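Note that these values count all heavy atoms, side chains included, but never hydrogens, waters or copies made by symmetry. Given the structure is predicted, the values throughout are model-derived calculations rather than measurements.
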Protein chains: 2
Amino acid sequence: MPRPATPAAEDCLKTVYAAGEWSDEKITLSKLAQALGVSPSTASEAVRKLTDAGLLRHERYGGVELTEAGRLQALGVVRRHRLIETFLVADLGYSWDEVHEEAEVLEHAVSDRMLDRLDRRLGHPERDPHGDPIPRPDGTVPRPGAHSLADLPEGAAGSVARISDADPEVLRYFADLGIGLDLHVRVVKRREFAGTTVVRLGEGPGGREVDLGDPAVAAVWVLPAAR
Amino acid sequence: MPRPATPAAEDCLKTVYAAGEWSDEKITLSKLAQALGVSPSTASEAVRKLTDAGLLRHERYGGVELTEAGRLQALGVVRRHRLIETFLVADLGYSWDEVHEEAEVLEHAVSDRMLDRLDRRLGHPERDPHGDPIPRPDGTVPRPGAHSLADLPEGAAGSVARISDADPEVLRYFADLGIGLDLHVRVVKRREFAGTTVVRLGEGPGGREVDLGDPAVAAVWVLPAAR
DNA sequence: AAACGCTTTTCGGTCCACCGAAAACTCCTC
DNA sequence: GAGGAGTTTTCGGTGGACCGAAAAGCGTTT
Ligand SMILES: [Fe+2]
Ligand SMILES: [Fe+2]
Ligand SMILES: [Fe+2]
Ligand SMILES: [Fe+2]
């Protein structure tokens with residue numbers, strides 16, 4: 001995975017990648033700008049440059065996509081980000097709501113050598129503290145077939161495979177509730193009108209039921225139980 | 001220790017600090033520029049800005065010095081640099097010639113929180129892998145009374161307290177020779193004319209003698225043996 | 001005191017990341 | 001098919017970090 005020039009470019013590629021990771025639509029300029037925290041004009045300029053560099057594909061007034069070269073570079077950034085998050089939790093005692101911000105900065109600063117050392121020391125992990133898959137150096141990505149809890153029908157059950165790290169507050173909330181990776185969950189009842197879902201946590205008699213709001217439900221991804 | 005704005009500014013302050021660390025003369029613009037790897041005009045501009053910000057003292061055509069505020073910020077950068085170097089060697093298995101470059105980048109990226117965790121995990125070390133003192137969070141600096149081997153008279157002995165990390169090649173050379181921190185050394189014979197010094201390594205019968213060139217001798221700092 | 005070499009400063013200019021305002025465009029509605 | 005809302009692009013402008021050329025200043029030598 002070659003290194004692009006600048007942190008801003010890396011963030012741009014990473015964001016485009018992230019947009020296509022769990023669904024696959026091209027991201028719009030305005031969403032890109034918003035995700036990057038810059039004005040639309042700035043995002044437009046950045047996209048133009050990366051398109052010229054052959055890392056993005058983009059037709060005027062259309063959505064933005066990674067080229068194959070761009071995808072490789074994005075994977076590099078994502079790999080760095082997620083390995084760093086894993087390291088911070090596993091070795092430095094960070095909690096999972098603290099790591100994202102730190103990784104956001106460090107992903108632009110660690111060398112290949114350091115990344116190798118981290119990877120080895122962590123035992124070549126396949127997912128980060130939030131369950132996001134860590135791209136391998138060869139550009140492949142471990143892909144658990146997870147679905148958002150929001151898309152599961154009533155009665156469906158599985159184990160938590162991923163929790164979106166977008167909002168640290170949500171992560172702290174889940175930690176309080178005892179919701180973490182690999183926890184067994186079941187959709188008990190949907191209350192569409194109220195915007196909440198009753199979810200059973202844990203298997204057997206030790207389980208509890210909680211009432212989760214839509215945003216929380218959408219943040220949880222589940223690997224359906226084999227049946 | 002407050003954080004200055006930009007990596008370039010941090011590097012500038014750090015370099016001015018480094019210049020005054022083992023001797024105490026104000027650094028000149030040209031040396032500063034050279035150390036930073038930028039043109040004199042760039043260095044001049046940077047110094048002007050930091051002077052305006054109250055971090056440097058500088059009279060036109062004169063040397064450059066840290067103000068008290070500047071010293072605090074410089075100490076912050078140096079603390080980060082050296083703690084990171086220590087971590088890389090102690091925890092990630094780097095050799096001492098590999099760490100400087102990496103730390104050069106990471107020092108601008110780690111947060112206070114991460115620095116705290118590293119510090120705690122390393123047991124609040126007082127010196128880095130090259131023997132350089134690690135400034136404490138309160139702005140004090142552990143100060144071993146070391147002298148350059150180049151300044152010691154024939155017959156003088158002591159333990160290696162510091163080895164300049166300026167040149168990785170020199171570090172690898174020393175590693176090959178078995179020269180490391182706390183090794184007992186004695187100045188056996190100076191050959192000024194030849195630019196070399198005979199140094200005895202180790203105490204007692206297990207000791208060996210080596211012939212070191214002036215640059216190598218100048219890179220070694222010794223804590224004179226109590227006598 | 002004039003001249004020389006070196007250092008420092010100033011000056012104009014580049015590139016990058018950013019912004020807001022205004023123009024261009026798309027798409028949906030009436 | 002004309003408007004209008006929202007999105008995208010273009011345009012002019014800022015500030016930071018850099019550079020090389022040229023001017024200014026300093027210290028020393030003649
Ligand atoms: Fe993250
Ligand atoms: Fe994550
Ligand atoms: Fe260093
Ligand atoms: Fe060091």
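Between R113(A) and E98(B) there is a salt bridge, with a side-chain nitrogen of the basic residue lying less than 4.0 Å from a carboxylate oxygen of the acidic one. A salt bridge is absent between E169(B) and R172(B); no separation between the charged side-chain nitrogens and carboxylate oxygens falls under 4.0 Å.
Using a 30° and 60° split on the angle between ring planes, W96(A) and H130(A) fall in the parallel class, below 30°.
Note: NZ (K31(B)) to P (dT8(C)) measures 10 Å, nearest angstrom. Protein atom CG of L56(B) is 12 Å distant from nucleotide atom P of dT9(C), rounded to whole Å. The separation between Y61(A) atom OH and dC25(C) atom P is 5 Å, rounded to whole Å. R48(A) places its CZ atom 10 Å from the P atom of dC16(C), with the value rounded to the nearest Å. One atom, NZ of K26(B), and another, P of dT7(C), lie 18 Å apart when rounded to the nearest Å. Rounded to whole Å, the distance from CG on L32(A) to C1' on dT7(D) is 13 Å. Separating the CG atom of D11(A) from the C1' atom of dC18(C) is a distance of 14 Å, rounded to the nearest angstrom. As a whole-Å value, the separation of H108(B) NE2 from dG16(D) C1' is 15 Å.
Checking the phosphate oxygens (OP1, OP2) of dC18(C), no side-chain nitrogen or oxygen of T42(A) falls inside 4.0 Å. Regarding contacts with the backbone of dA24(C), every side-chain N or O of R60(A) stays at 4.0 angstrom or more from both OP1 and OP2. Considering only side-chain N and O atoms, S44(B) lies under 4.0 angstrom from the phosphate OP1 or OP2 of dT9(C). Side-chain nitrogen and oxygen atoms of S30(A) include none within less than 4.0 Å of the OP1 or OP2 phosphate oxygen of dG6(D). Here K49(A) reaches the OP1 or OP2 of dA17(C): one of its side-chain N or O atoms lies under 4.0 Å away.
Taking the centre and axis of the six-membered ring of Y94(A), the NZ or CZ atom of R117(B) falls inside the cone set by 45° and 6.0 Å.
In this model, a side-chain donor or acceptor of S41(B) finds a partner on the base of dG20(D) within 3.5 Å.
For the pair P7(A) and G62(B), nearest-nucleotide mapping onto DNA chain C gives the more 5' position to G62(B).
Distance from the side chain of L29(A) is smallest to dT8(D) among dT8(D), dA17(D), dT8(C). Of the candidate nucleotides dC19(D), dA17(C), dC18(D), dC19(D) has the atom nearest to the side chain of S39(B).
Looking at H81(B) and D128(B), their side chains never bring a donor and an acceptor atom within 3.5 Å of each other.
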